[in-house]
Amino acid sequence: MKPDTVKQLFIERYGSEPTLYTSPGRINLIGEHTDYNGGYVFPGAIDKAMVAAIKPNGTDKVRAYAADLEEYCEFGLEESDIPAKQWARYIFGVCREIAKRGGKIEGIDTTFSGDVPLGAGLSSSAALESTFAYALNDLFGLGIDSFELARIGQATEHNYCGVKCGIMDQFASVFGKAGHLMRLDCRSMEFAYFPFAPEEHGYRLVLLDSVVKHELVGSPYNDRRASCERVAATLGQEFLRGATIEQLEAIRSKISDEDHRRARFVIGEEQRVMDVCNALEEGDYQTVGERMYQTHEGLSKDYEVSCEELDHLVEIARECGVTGARIMGGGFGGCTINLVKAELYDNFIATASAKFAEKWGHAPKVYQVVISDGARRL
Ligand code: GLA
């Protein structure tokens, strides 16, 4: 829905003029499942975002209309007021996390809509959290810094939605900058912007959505995190970050095969992020692509967060001469991210659509994304 439509819906429903806010979804070029290990990630915000029309209503109630779902929900601001609807919990969680940090907020009226595909690994939930964290901070003049806004979204996932996620998605949604990826050190929280314009080097970036439902709520994601934490504890470290393969082999007999495989992936991934950043600075897209394939291999075989449909998409990419392809985001469904030479693009999309449909009964969805700005008032 266009921002103007979201605004119009607000006016029709609540009878006054709102302020408009937006915050985007994200891609991640490389650095998967590294954030909660204190490692590096390399995301960028995209031109698919959540848009919310918001106005304080002078009560202690939030009145929210999810325009895409055509659902309305009303809830209070106390801990016991937690709404049953999942989408409303994201907004409720943000309100609660702000309150826990001493932020004084009141009730709001809101209508919102978004074009970040749900469950595709593009962080639609982070986009929603960041939109409201940014908006409430602005509307009530709370003076919360941007990192804390990202942490408010992350804490919402942990405490109200059951996903023990890292900081990458909310960070990318808040800090995004057009034309740039961001390398974030999730231990020190230092980050740097890297210009990213694959077109200028003859490449295109495209996402293929398997349309396999991606559901991080529940155990599989949290299980991966728990494995990493067990291995880190056995190593006597706070995070897996910084551990070497030699150190991992030295504790081999003290950890399960499954934990060993998962830690091996994370340790390898740290080096791949560095390799990709260095390669990008030299315009060496070949190396970027190779590392992407290696990451996919690790996510599929060692970390076990892929699925047959996504492995198939990556296999087709290889056959079509795509420079790099891998599953992106938390996993268990969702999208592959593909770096493809411009001249191979049309053939790749046509072949992937046909071959995938032949095997799975439907074509993948194709998303072209533009690296865009983060949370802001419109
Ligand atoms: C999800 C989480 C992130 C990150 C990725 C995997 O998107 O929300 O924190 O762990 O998975 O890299």
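Ligands are counted one by one from 1 in listed order, and the atoms in each one are counted from 1 as well.
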Any atoms of ligand 1 less than 4.0 Å from a non-hydrogen atom of Y36? List them with their elements.
10 (O)

Pairs of nitrogen or oxygen atoms closer than 3.5 Å, one from D169 and one from ligand 1: do any exist?
yes

Rounded to the nearest 0.5 Å, how far does OH of Y90 lie from OG1 of T131?
13.0 Å

For L29, does its backbone N or O pair with a side-chain atom of R326 as donor and acceptor, under 3.5 Å?
yes

Should the proximity of Q154 to ligand 1, defined as any heavy atom under 4.0 Å, be assigned to the side chain, the backbone, both, or neither?
neither

Residue pair T287, D284: steps toward the side chain to side chain donor-acceptor pair (under 3.5 Å) verdict:
CA-CA 6 Å; T287 298; D284 173 8; 2.5 Å; yes

Salt bridge or not between R291 and D275? Use side-chain N to carboxylate O under 4.0 Å.
yes

Would G166 count as a polar contact of ligand 1, with the cut-off being nitrogen or oxygen pairs under 3.5 Å?
yes

Looking at D35, which atoms of ligand 1 are within less than 4.0 Å of one of its heavy atoms?
3 (C), 4 (C), 9 (O), 10 (O)

A cation-pi test, strictly: NZ or CZ of R89 under 6.0 Å from the centre of the six-membered ring of Y160 and no more than 45 degrees from its axis. Yes or no?
no

Considering only heavy atoms of M168, which atoms of ligand 1 have at least one such atom less than 4.0 Å away?
4 (C), 5 (C), 12 (O)

Pairwise side chain to side chain donor-acceptor pair (under 3.5 Å) hits with a residue in residues 111-120, at least two apart
D68-S113

Any atoms of ligand 1 less than 4.0 Å from a non-hydrogen atom of C165? List them with their elements.
2 (C), 8 (O), 9 (O)

Can you tell me how far CD of E17 sits from CD1 of I11, rounded to the nearest 0.5 angstrom?
4.5 Å

Run the numbers for me: atoms of ligand 1, each under 4.0 Å from some heavy atom of G329, listed by number.
6 (C), 11 (O)

Determine the interplanar angle of the F147 and F191 rings, folded into 0 to 90°, and report it as parallel if under 30°, tilted if 30 to 60°, perpendicular if over 60°.
perpendicular

Is H33 in polar range of ligand 1, meaning some N or O pair under 3.5 Å apart?
yes

Sub-4.0 Å heavy-atom approach of M328 to ligand 1:
no

Please state which option from Y303, F171, Y221, F332 has its nearest heavy atom closest to atom 10 (O) of ligand 1.
Y221

Ligand 1 atoms in contact with R26 (distance to a heavy atom under 4.0 Å):
7 (O)

I need the minimum non-hydrogen distance between T244 and I267, along with the two atoms involved.
O-CD1, 3.9 Å

Ligand 1 N/O within reach of N28 N/O, cut-off under 3.5 Å
no

